[in-house]
Amino acid sequence: MDIRQNIITTAEEMFIRWGFKRVTMDDIAREMSMSKKTIYQFFKDKNEMVCAVTEEHLQKEEALMEQLERESENVIEFLVKITTMIRQHMTRVNPSALMDLQRHYPDGWKIFVDYKTRVFHQSLVRTLARGIQEGYFREDINPEIIAILRIEQVQLCFEDRVFPRNRFDMTDVQLQVFRHFVEGIMTQKGRDLLETYKTTLQPHETLL
């Protein structure tokens with residue numbers, strides 16, 4: 001792994017754990033046992049590093065989503081795998097990270113918003129259309145509208161004014177909202193298939 005990639009990987013782990021604002025360039029240099037001057041050879045400032053980390057994190061997330069989609073025999077299996085991914089992801093991510101990005105790093109936030117608009121939206125529309133075609137989702141839903149609704153739900157869950165972190169567990173919030181969303185779009189055929197996964201899930205997997 002080259003030095004720049006190593007810096008991005010280390011910074012990503014620290015940002016996810018502590019949030020973008022709290023972690024300084026000094027913290028990253030100390031964690032990597034290198035001088036801050038070395039880091040500045042690859043990134044002109046923290047803002048540029050945040051952008052690089054955000055872009056790489058989203059690219060990895062996109063690749064994982066595509067892999068889960070390919071490996072799922074049907075859309076219900078895909079949703080079960082997504083639920084497991086959400087739980088694993090939320091146990092690692094500091095809830096303040098997304099808010100830090102929005103409030104303090106507009107360039108990084110733009111990367112995130114562009115990703116939501118381009119990749120996440122397209123993936124959702126594709127998944128919803130697949131579910132309708134397979135008969136597991138209601139035929140009367142509009143994939144474009146429902147995709148936008150889901151995207152806004154995800155972001156809303158991170159809003160401290162709506163779900164204060166001193167009152168709510170962020171993993172529970174995301175999973176509760178996701179379950180509510182899925183229940184609203186599934187047909188009885190979808191619910192019946194979902195029930196079959198209760199006997200097939202592995203210990204590390206989570207049922208909707």
Side-chain angles (χ1 to χ4, degrees), residues 1-69 82 85-86 88-127 144-145 147-165 168 170-171 173-174 177-178:
M1 185 181 296
D2 61 40
I3 297 176
R4 184 179 188 278
Q5 182 59 52
N6 199 17
I7 294 171
I8 291 176
T9 301
T10 302
E12 179 184 3
E13 293 173 354
M14 297 180 72
F15 289 149
I16 285 175
R17 183 176 181 183
W18 303 109
F20 288 97
K21 184 179 179 182
R22 181 174 174 182
V23 176
T24 66
M25 299 292 265
D26 286 315
D27 293 330
I28 297 169
R30 187 161 45 248
E31 178 70 17
M32 299 189 68
S33 299
M34 66 170 52
S35 69
K36 192 164 60 172
K37 182 178 179 180
T38 301
I39 294 179
Y40 281 121
Q41 291 177 2
F42 299 93
F43 303 95
K44 66 179 182 180
D45 53 27
K46 185 180 175 182
N47 180 68
E48 184 176 301
M49 178 184 289
V50 167
C51 289
V53 167
T54 300
E55 189 165 9
E56 171 145 323
H57 180 80
L58 292 173
Q59 287 174 351
K60 288 192 294 186
E61 190 173 278
E62 178 183 1
L64 178 57
M65 292 280 286
E66 290 177 350
Q67 178 185 346
L68 294 179
E69 187 176 354
I82 290 296
M85 189 184 78
I86 290 174
Q88 293 172 343
H89 185 68
M90 292 303 298
T91 58
R92 295 178 56 241
V93 176
N94 188 313
S96 68
L98 192 61
M99 289 184 290
D100 284 351
L101 193 65
Q102 182 178 13
R103 294 174 181 174
H104 305 289
Y105 301 97
D107 293 337
W109 180 249
K110 184 178 184 303
I111 292 173
F112 176 76
V113 171
D114 289 346
Y115 172 84
K116 284 202 311 177
T117 303
R118 179 178 55 85
V119 178
F120 192 23
H121 178 80
Q122 291 175 359
S123 175
L124 277 168
V125 171
R126 187 168 61 247
T127 298
E144 289 284 343
I145 295 174
I148 293 172
L149 173 64
R150 176 58 189 153
I151 289 171
E152 294 306 311
Q153 281 183 339
V154 172
Q155 189 169 328
L156 182 66
C157 291
F158 286 99
E159 290 286 345
D160 191 59
R161 62 180 178 80
V162 180
F163 297 106
R165 291 191 296 279
F168 297 96
M170 289 299 103
T171 301
V173 169
Q174 287 285 2
V177 172
F178 185 55

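Remark: E69 engages R126 in a salt bridge (charged side-chain N to carboxylate O under 4.0 Å, His left out) (not counting sequence neighbours). Under the ring-ring contact (aromatic ring centres under 6.0 Å, His included) criterion, F163 pairs with F168, sequence neighbours left out. With sequence neighbours excluded, the residues that form a side-chain contact (heavy atoms from CB on, under 4.5 Å) with T117 are V113. In terms of the salt bridge (charged side-chain N to carboxylate O under 4.0 Å, His left out) criterion, residue partners of D26 (sequence neighbours excluded) are, by chain and number, K36. Taking the side-chain contact (heavy atoms from CB on, under 4.5 Å) definition, one finds that K116 meets it with F112, I151, E152, Q155, sequence neighbours left out. Residues forming a ring-ring contact (aromatic ring centres under 6.0 Å, His included) with H121 (at least two apart in sequence, or on another chain): none. Applying the side-chain contact (heavy atoms from CB on, under 4.5 Å) criterion to D107, with sequence neighbours excluded, gives N47, C51. With sequence neighbours excluded, no residue forms a salt bridge (charged side-chain N to carboxylate O under 4.0 Å, His left out) with R22. With sequence neighbours left out, A52 forms a side-chain contact (heavy atoms from CB on, under 4.5 Å) with R4, I8, F43.
Note that CG of D27 and CE of M14 are 5.0 Å apart. Values are rounded to the nearest 0.5 Å. Atom CE of residue M49 and atom OG1 of residue T10 lie 9.0 Å apart, to the nearest 0.5 angstrom. With rounding to the nearest 0.5 angstrom, the CZ atom of F15 is 12.5 Å from the CG atom of N94. To the nearest 0.5 Å, atom CG of residue L156 and atom CD of residue Q174 are 9.5 Å apart. A distance of 10.5 Å separates CG of L101 from NE2 of H57, quoted to the nearest 0.5 Å. One finds the CE atom of M32 at 9.5 Å from the OG1 atom of T38 (value rounded to the nearest 0.5 Å).
Using modelled atom types, no side-chain atom of N6 and backbone atom of I3 make a donor-acceptor pair closer than 3.5 Å.
The two residues A29 and S35 come nearest to each other via the heavy atoms CB-C, 4.1 Å. Across T54 and G108, no two heavy atoms sit closer than the pair CG2-O, 3.8 Å. Between T9 and E56 the shortest heavy-atom distance is OG1-OE2, 4.4 Å. For S96 against W18, the heavy-atom pair with the smallest separation is OG-O, 4.2 Å. The shortest non-hydrogen separation linking R92 to I16 is O-CG2, 3.0 Å. Closest of all the heavy-atom pairs between L124 and A147 is CD1-O, 3.5 Å.
With contacts defined as side-chain heavy-atom distances shorter than 4.5 Å, the pair V50/W109 does not qualify. Between E31 and V23, every side-chain heavy-atom pair lies at or beyond the 4.5 Å cut-off. By the 4.5 Å heavy-atom criterion applied to side chains, E62 and F120 are not counted as neighbours. Two residues are said to be in side-chain contact when any heavy atoms from C-beta on lie closer than 4.5 Å; Q102 and F158 fail this criterion. Contact check for I7 versus M34: side-chain heavy atoms found under the 4.5 Å cut-off.
Under the salt bridge (Lys or Arg N to Asp or Glu O under 4.0 Å) criterion, the residue pairs touching residues 6-19 are E12-K60, with sequence neighbours excluded. Applying the salt bridge (Lys or Arg N to Asp or Glu O under 4.0 Å) test to residues at least two apart or on different chains, none of the pairs has a partner in residues 38-51. Residue pairs meeting the salt bridge (Lys or Arg N to Asp or Glu O under 4.0 Å) criterion with at least one member in residues 156-165, sequence neighbours excluded: E159-R161, D160-R165.
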Given the rule in the side chain to side chain contact (heavy atoms under 4.5 Å, CB included) test, do L58 and I111 qualify, once you have shown the distances and angles that lead to the verdict? CA-CA 9 Å; L58 292 173; I111 292 173; 4.1 Å; yes
